[in-house]
Student: 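Take a look at this one; I'll ask things after.
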There are 2 protein chains.
Amino acid sequence: MNAPLPTHVLPTFQRRPVPVAMHDALKARFGERCSAALAVREQHGRDESPFDAPPPELVVFCESTDEVAFVVQQADLYAVPVIPFGVGSSLEGHLLAVQGGVSIDLSRMQAIVSLQPEDLTVTVQAGVTRTQLNNEIRHTGLFFPIDPGADASLGGMAATRASGTNAVRYGTMRENVLGLTVVTPQGEVIHTGTRARKSSAGYDLTRLMVGSEGTLGVMTEITLKLYPLPEAISAATCTFPSVDAAVRTTIQVIQMGVPIARCELLDANAVRAVNKHDKLGLAEAPMLLMEFHGSEASVAEQAATVQEIAAEHGGQGFEWATTPEARTRLWTARHHAYFAALQMKPGCRCVTTDTCVPISRLAECINASVAEVDASGLPYFIVGHVGDGNFHLGYLIDPALPAEGELAERLNLQLVQRALAMDGTCTGEHGVGLHKMGFLVEEAGAGAVAMMRSVKQALDPKNIMNPGKIFST
Amino acid sequence: MNAPLPTHVLPTFQRRPVPVAMHDALKARFGERCSAALAVREQHGRDESPFDAPPPELVVFCESTDEVAFVVQQADLYAVPVIPFGVGSSLEGHLLAVQGGVSIDLSRMQAIVSLQPEDLTVTVQAGVTRTQLNNEIRHTGLFFPIDPGADASLGGMAATRASGTNAVRYGTMRENVLGLTVVTPQGEVIHTGTRARKSSAGYDLTRLMVGSEGTLGVMTEITLKLYPLPEAISAATCTFPSVDAAVRTTIQVIQMGVPIARCELLDANAVRAVNKHDKLGLAEAPMLLMEFHGSEASVAEQAATVQEIAAEHGGQGFEWATTPEARTRLWTARHHAYFAALQMKPGCRCVTTDTCVPISRLAECINASVAEVDASGLPYFIVGHVGDGNFHLGYLIDPALPAEGELAERLNLQLVQRALAMDGTCTGEHGVGLHKMGFLVEEAGAGAVAMMRSVKQALDPKNIMNPGKIFST
C-alpha cells in the first residue's frame, strides 16, 4: 500500500500570478464584479474541508456563459489558474486556490433556462441550488431527487458527481445529467448531450465532465432528468440494538430488490447531535431513516417488507412520518447532521470519510472501522447512504492539535484500504479534491490514472483548470 | 445543415499492411488461432450494416486479456489497425476493416469471471452474450436486463452503449456497467471502476470507454449490475388504430411515471413480418408490446393504469401473456422483427435509423417520417423502444439498385435533421460507426467533436484502435 498519509499541511505549490494586463481586462469587463478585496478572496479560498491555503488573487462574479468564456479566454492567454465556485460546500478542498489565480463565482447564475415538464427535463444555470430548483418546479408535479444534504449548486454537484440520500433509487448526478454547456480550457463554448434520454453519439463527454471537479472545463448550464412526484411518500425511523443490525437490515432490503427511495444510517452519536441541534426526541441509538415512494399500495407493501426484515434484526419503534411537515422535520434534521455534529465539540473541524463498498461487505467494513475509531478515543459520528454501500465517518478534530488531524487521517487511511480490499472506492460522492490524490492511484492503478492525466493534458495543456486537484502534480 | 449525404460507396481509406515481422510474431504466439484464410477474414470483415469493405488482413482468436494485450502491443509497435469483434451484429459498419489490419475475435472469451449474487454484480469476459449470461445466472434469482434484440456480446454492447427493450426501466449499458478491464492502445492492461455502486474517484473512464466503439481500447472484461427477477412479470399486446395513437399512449404512460419495464412499438409492417416468420396470429395493426415487472399488486396496478390510457387512444384487444412460455414467444417474435422484415423482400439489405427524441415530440417525429417514407414507395417497417423516445425505421433496399440506397439515406437524413431540431440524437443505441460521422458533427457541434478527437489523439496517437469510425478522418 503506497498511498502517502495525507497531511493537513498542503504541499507548497508554485503560485501563478495574475498579470496586470489580465487584471485590467477583467476590471474593464466586470467592474465591481471583479474583486480583489481580501474578505471576498478569503470567502472564495476555503470550503468545508479541513485544509487551508492562501486565497485566490481575484474573484469574478459571472452572470452568463459568455462572461465565463471571457474569463477563461484571459486565463488561457496568460496561463493563469481558474477555479469554479458555487456555494462553497465542498468537503475535499476543491475550491482552494493552491496555485493562485481567479475564482469564478457562478452563484449569480441562478436562472431556470428552460423547463419541459412534458419531457421530464429542465435546463438550469450552474448556480441554481437543488432547493431552488425544487421550489421552482413544484407547480409541475415533478421533482429533482439528487440530494447531497448541503444545499449545493447543481454545478458543484455535477462537478463532484454528487449523490446523497435518494441515490439508492434515483441514481447519482452521473445518471441524471443529460447534457451540459461547458466552457473549455480554451474559452470556447460547447454543448454535450441532448435532451434525448439515451444516446450512442460518440464519446460520452457529459459523463467525462461530470465528476471532473472543474479540471476539464467550467460547466455553466446543466440539463437534468426530472421525476413525477410519487403518488404516496412515507418516511419512517427505526432504531436498532447496534450499527451492525441496522446495516444487516439494509443489506437484506437491497438484496431483495425493495425499491426503497432513501435508506440512511445515523449512529447514536449522530442522533444525539441532531436531537440537540434540532430539538428532537429521537431514541439515541443506531437508526435507519427510510423513505418509500410509489402508489399507496406499493408504499404500503414496501414498508411491510422492510418492517419484517428490520424486526428480524431487532429493529424497534418503527415510527412513521406521512405528513409533509413530519417528513421535512426528519430530513431537515438528517441534513443538519454534519453541522450538528461539529457543534458537539466547539471549535473543531471535521475530517470526513466517503468510502463505498459492495453491499454484502458493508457491515464488515463499518464494524471494523467503528472498532478502530472507538479504540482511538477520537470523537466521531457516522451517517451513511447505506442502501448504496456508502457511509461517512466524521472525525472531529481540534485544529490546534496536529496529532488529532494525523490520527484522523490514519483512521481514514485504514478505512480506505479496507474498502479498496473489498473492491470498493475511496470516494462515493465527495470527489478526490486535495484529499484523496494518493488514494486515487491506489484505487485505480497507475495505468488508469495515467490515462486520466493524458485526457487532462490533451484538453488543458496549460493546466489552468482548477490545477492541483485530482492529480498530485 | 451541413451533414453530407452518406453513401454506400465508402471513401477509399489508406490501408495499412501487417508487416511480415508482426504476422510472424502473431503466428508464433497463436498458431492456428491466427488466420489469414479468406473465409475467416470475410466473416470478420462485415456486419449487419449495408456497407462493404475489403476484409481485415488477419484474424486472431484471443482467449485472454493477456493475449489481447499481446496483439495490441504488436499493433502499437507496427502502427497497424486492430478491430475488436464480438458476434458481428453491429448495424453501423463498426467491424469493417476500412484501413486493413487485424480483427481481434473475442468470441472465445466466454467465461463468467466472478459472480457475486449477494452484491448484485457479475464480471464477465467480453465475448459472453446476453443470453449466455442470463442462462448462467438464472439459479441466483437475478438477471441482466439490457436486451438489444440481437444476442450480442456484452463487449459489443458496451462498445456501442447498447440498450434495447428494457432500457425504459433499467437504463442502458451506460448505467449498468460498473467497471471494465481495458487493453489500452499501447497494449497495457488497466481497470476502470470498482464493484461499488457509485464513485467520485477521478474521471469516469468507464463511461468514456462505454460507447467508444473500439476506438480507445479493447474491453476484455466487464463488471455489470444485476437485478432480482421480479416477483411478477406480465406482458401484454394492444393494437391501435394508428401508429400515432400507440405513441400517444406511450407518451402519457411515461409522463405519468408508470414504471413500465418494456414498451415496444411495432407498426403493421413489422407485425406482418413477425406473423409470417414466427407463425403468429397477431392483428396486423400498429401494436404496443409491453411488460410490467414488480410485485403481484404493483404489476396489476401498472397494467390497469396503462389499459385505461390505451383505451382513451382507441387501444383494443389487450391480450395478456403471463406464463413464461407465452412471454418468451412474444419477445422472441419481437427479436426476430429485423430478420423477419428482411425476408419480406428477398435479397434486400436494410438501412436502419436510430433517432431518439424527447418523449413529448415522439408522435410528431414518427408521423412526419412515416408520411415521407409512405410517399417514397420504399418498403419499410418500424420497431421502437418508444418508452425512451427511440425508434427504428428499417428501409428495405435492393443492393443492386443504388437509387434505393440513396433514397433510404435521404429519408434517414430528413429524419435525423428532424430529430436534432427536436433536441434529440441521431443514434439512441446503435452508435456512429461508419454511417453517422456527418450526423455526429451536426448533432454535437464542431467544438464538442474536436474535444472527442483530442481525447482520441491523446490516448491513441497512432490511430490504431478501430480507425475510421466515429470520426471521418
Side-chain angles (χ1 to χ4, degrees), chain A residues 116 118-119 121 160-161 163 167 172 175 188 190-192 194-205 207-208 211-212 227-228 255-257 295 297-298 301 356-360 388-390 423-432 440 443-445 447-448 451-452 454-455 458-459 470, chain B residues 116 118-119 121 160-161 163 167 172 175 188 190-192 194-205 207-208 211-212 227-228 255-257 295 297-298 301 356-360 388-390 423-432 440 443-445 447-448 451-452 454-455 458-459 470:
Chain A
Q116 300 87 11
E118 68 283 10
D119 293 323
T121 59
T160 53
R161 206 179 290 130
S163 47
T172 73
E175 285 80 22
E188 288 170 23
I190 65 164
H191 303 281
T192 74
T194 66
R195 291 199 302 111
R197 305 295 272 185
K198 62 186 199 183
S199 172
S200 292
Y203 300 161
D204 192 345
L205 296 182
R207 249 54 54 183
L208 181 61
S212 65
Y227 296 81
Q255 287 175 343
M256 285 187 63
S295 65
S298 155
E301 197 171 44
C356 182
V357 296
I359 193 78
S360 74
D388 291 316
N390 182 212
D423 212 355
T425 178
C426 66
T427 175
E429 56 182 16
H430 294 169
V432 173
L440 177 65
E443 174 175 329
M451 185 177 280
M452 294 181 200
S454 295
V455 171
L459 302 190
I470 301 184
Chain B
Q116 301 86 12
E118 68 284 9
D119 293 322
T121 59
T160 53
R161 207 179 291 130
S163 48
T172 72
E175 286 79 23
E188 287 170 23
I190 66 164
H191 304 281
T192 74
T194 66
R195 290 201 301 111
R197 304 297 271 187
K198 62 186 199 183
S199 172
S200 292
Y203 301 161
D204 192 345
L205 297 182
R207 248 56 51 182
L208 181 61
S212 65
Y227 296 81
Q255 287 175 344
M256 285 187 62
S295 65
S298 154
E301 198 170 43
C356 181
V357 296
I359 192 78
S360 74
D388 291 317
N390 182 211
D423 212 355
T425 178
C426 66
T427 175
E429 56 182 18
H430 293 168
V432 174
L440 177 65
E443 174 175 329
M451 186 178 280
M452 294 180 200
S454 295
V455 171
L459 302 190
I470 300 184

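In what follows, chains are A, B, ... by sequence order, proteins preceding strands, each numbered from 1.
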Student: How far does CG of A:D119 sit from CG of B:D423, to the nearest 0.5 angstrom?
Tutor: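 Spacing of CG (A:D119) from CG (B:D423) equals 9.0 Å.
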Student: What is the distance from atom CG of B:D204 to atom CG of A:D204, rounded to the nearest 0.5 Å?
Tutor: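 Rounded to the nearest 0.5 Å, the CG-CG separation comes out at 7.5 Å.
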Student: Using a 4.5 angstrom heavy-atom cutoff, name the option from A:A458, A:P358, A:G257, A:P228 with the most pairs to chain B.
Tutor: A:P358
Student: Using modelled atom types only, decide if a donor and an acceptor are shared between the side chain of B:S298 and the backbone of A:S298 within a distance under 3.5 Å.
Tutor: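 No; zero donor-acceptor contacts below 3.5 Å.
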Student: Please report the shortest heavy-atom distance between A:T194 and B:G424, naming the atom on each side.
Tutor: CG2-O, 3.3 Å
Student: Heavy-atom distances under 4.5 Å only: say whether B:E301 touches chain A with side chain, backbone, both or neither.
Tutor: side chain
Student: Taking all atoms of both residues into account, what is the closest heavy-atom pair of B:G447 and A:I190, and its distance?
Tutor: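 Heavy atoms only, the tightest pair is C-CG2, 3.6 Å.
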Student: Which of the residues A:G445, A:S163, A:G389, A:C426 is involved in the greatest number of heavy-atom pairs with chain B at under 4.5 angstrom?
Tutor: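 Counting heavy-atom pairs under 4.5 Å, the top option is A:S163.
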Student: How close do A:A196 and B:T425 get, counting heavy atoms only, and between which atoms?
Tutor: CB-CG2, 3.8 Å
Student: Return the option, out of A:M256, A:R207, A:E429, with the maximum number of heavy-atom pairs under 4.5 Å with chain B.
Tutor: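 It is A:R207.
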Student: Measure distances from B:L440 to the heavy atoms of chain A and classify the residue's part below 4.5 Å as side chain, backbone, both or neither.
Tutor: side chain
Student: Where on B:Q255 is there a heavy atom nearer than 4.5 Å to chain A: the side chain, the backbone, both, or neither?
Tutor: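 It is both, since atoms from each part get that close.
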Student: Could you tell me which of B:G211, B:G431, B:A444 has the largest number of non-hydrogen atom pairs under 4.5 Å with chain A?
Tutor: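 Result: the option with the highest number of such pairs is B:G431.
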Student: Pick from A:E188, A:H191, A:E443: which one has the most heavy-atom pairs with chain B under 4.5 Å?
Tutor: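 Highest number of pairs under 4.5 Å: A:E443.
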Student: Are the side chain of A:S200 and the backbone of B:R161 linked by a donor-acceptor contact shorter than 3.5 Å?
Tutor: yes
Student: Does the side chain of A:T172 come under 3.5 Å of the side chain of B:K198 through a donor N or O and an acceptor N or O?
Tutor: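 Their side chains do not contain a donor-acceptor pair, so the 3.5 Å distance test is not met.
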Student: Counting heavy-atom pairs closer than 4.5 Å to chain B, which one of A:H430, A:R197, A:M451 comes out on top?
Tutor: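 Heavy-atom pairs under 4.5 Å are most numerous for A:M451.
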Student: Let me know if B:S454 has heavy atoms under 4.5 Å from chain A in its side chain, its backbone, both or neither.
Tutor: both
Student: If you count heavy-atom pairs within less than 4.5 Å of chain B, which of A:C356, A:S295, A:S360 leads?
Tutor: A:S360
Student: Between chain A and each of B:T192, B:L459, B:I470, count heavy-atom pairs under 4.5 Å; write down the option with the most.
Tutor: B:L459
Student: How long is the straight-line distance from CD of A:Q116 back to CD1 of B:I359, given to the nearest 0.5 Å?
Tutor: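 Between B:I359 CD1 and A:Q116 CD, I get 14.0 Å after rounding to 0.5 Å.
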